[in-house]
Amino acid sequence: MQKYHPLMSSSDRKIDHSLIDLLAEKVTQEFGRRFGRPATVIVAAPGRVNLIGEHIDYNDGFVLPLALDRYVLIAADRHPAESNRSSIQLFSLEMATSETVQLDQPIEPGNTGWTSYVEGVIAGFVELGATIPGFDAVLGSNLPLGGGLSSSAALEVAMATLVEQLTGKSLERDEKALLCQRAEHRFAGVPCGIMDQFSSVFGIADELMLIDCRSQEIERVPFCSREISVLITNSNVRHELSGGEYAQRRAQCHSSLTKLNQSSWRNVSLDDVERARAALTEPEFRRARHVVSEIQRTIEAALAFRSEDWDAVGKLMYSSHDSLRDDFEVSCYELDILVEIASSIGSAGGVIGSRMTGGGFGGCTVSLVNNEQMESVSALISEQYESKTGITPHCFFSRPARGAHVIRK
Ligand code: ADP
Ligand code: MG
């Protein structure tokens, strides 16, 4: 578990800066050591967590994420003019490996390593007609890799922000997020929705984003209360199962919607689902009930945030978890245990609400917790989870943070 310094209250904006400053120092030092000159550009892009609206991004639904105060940073500098090299030299502190991307030949998907995300972004800019200069870069991150908090999108968006600086080709923000999403689809082979890259680009301190996955519009939802933060608990398990669960859920949602005779889940009510029950298989019925109720819950949660009705927010988070566990069947023993512990601590102990977040079958839970009780809540969750599962979880907290930005140019 992360140790909390008593002065590092997450309601204090300094925490945001001290974490990112520390990382900036690490990447610039490494850059100087490796390349023998200072980095001239430093950029940052955050990971994200989704508060509610799960498995409905591909069902015309809504998501309600926030950008985390955890970032991927890149320190970089163009190759000196005399070097005449048309390549990118990259070093990742987390991977502890150096890689090269050649710029004098077409960049095609196929590489399976971490540079595929970089290549996807570079290829996107090349398609837009940008000329990419050769450069050196060191990247570092304080996001868990592969933990469901979208370090991959943070890496893509940081790289796109860097390329904008190096080429002078600035994109509209939604264009930039979509370019990064295409990189993830084509070069990493992950058919993600728009939430990850949109959150990393558009994140604003003290705000959630209600993203309409049908229209791709973002509504800003203030998260002003300085007394409450988001606690992320990584279960540190990942059940791969057959690997086809995600595709199967999508197929079940699709066939269910077809049987309901509708083209969008937005036009379906819970009554419609009940009335069509006989025509649906049991899994189709349950998936439909999750999708329709989760769309409703996400809209209600945004409203409850606006009116700071924490009781309502908490109830919606717990019902979202129940629905994902029982109707969508994407939770697992460890996630259920984490949510049960959080719920047993309850509002008297500082927990407003809790649920699994992300695709499921492992990964993280997200909870809303009163700052004053953050340390005791984290300690209790860690102790009880470890005693029940034998696994040590990883906890950290965050406030909604700023999206991708340039730290030095
Ligand atoms: P998530 O996005 O949930 O963290 P993914 O599997 O989608 O999980 O993305 C993780 C991958 O992103 C890593 O395996 C690596 O290839 C790449 N990545 C993320 N951060 C870094 C980093 N700091 N250095 C190198 N690669 C990174
Ligand atoms: Mg990812």
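Note that these values count all heavy atoms, side chains included, but never hydrogens, waters or copies made by symmetry. For ligands, and for the atoms within them, numbers begin at 1 and follow the listed sequence. Remember, it's a predicted structure, so these values are computed and weren't measured experimentally.
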* **Heteroatom count (protein N, O or S) under 2.8 Å of the Mg ion (ligand 2)** => 1
Tabulate distances under 3.5 Å between N/O atoms of ligand 1 and N/O atoms of the protein, writing both atom names on each line.
unit_1, atom_1, unit_2, atom_2, d
ligand 1, 2 (O), S151, N, 3.1
ligand 1, 2 (O), S152, N, 3.1
ligand 1, 2 (O), S152, OG, 3.0
ligand 1, 3 (O), G148, N, 2.9
ligand 1, 3 (O), S150, N, 3.4
ligand 1, 4 (O), G146, N, 2.8
ligand 1, 4 (O), S151, N, 3.1
ligand 1, 4 (O), S151, OG, 2.7
ligand 1, 7 (O), S152, OG, 3.1
ligand 1, 8 (O), G146, N, 3.4
ligand 1, 23 (N), E94, OE1, 3.0
ligand 1, 24 (N), S92, OG, 2.8

* CD/Q105: more than 12 non-hydrogen atoms of other groups inside 6.0 Å -> yes
* To do: Could you tell me whether the side chains of E294 and S320 share a donor-acceptor contact shorter than 3.5 Å?
  => yes
Got a list of side-chain donor-acceptor pairs under 3.5 Å for residues 123-143, not counting sequence neighbours?
unit_1, atom_1, unit_2, atom_2, d
E127, OE2, R186, NH1, 3.1
D136, OD1, H79, NE2, 3.0
D136, OD2, R37, NH1, 3.0
D136, OD2, R37, NH2, 3.0
S141, OG, L143, N, 3.0
S141, OG, L143, O, 3.4
N142, OD1, Y71, N, 2.7

* To do: Verify the neighbour count for atom NZ of K259: are there more than 12 heavy atoms of other residues, nucleotides or ligands below 6.0 Å?
  => yes
Could you list the donor-acceptor pairs under 3.5 angstrom formed between side-chain atoms of residues 361-369 and any protein atom two or more places apart in sequence or on another chain?
unit_1, atom_1, unit_2, atom_2, d
S367, OG, S354, OG, 2.9

* Asked: Any side-chain donor-acceptor pair under 3.5 Å between S398 and D69?
  -> yes
* Side-chain donor-acceptor contact under 3.5 Å, T97 with W114 -> yes
* From the options R287, R249, R286, select the one residue that forms a side-chain hydrogen bond (donor to acceptor under 3.5 Å, both in side chains) with E329. => R287
* Asked: Going by atom types alone, do N111 and E119 pair a side-chain donor with an acceptor below 3.5 Å?
  -> yes
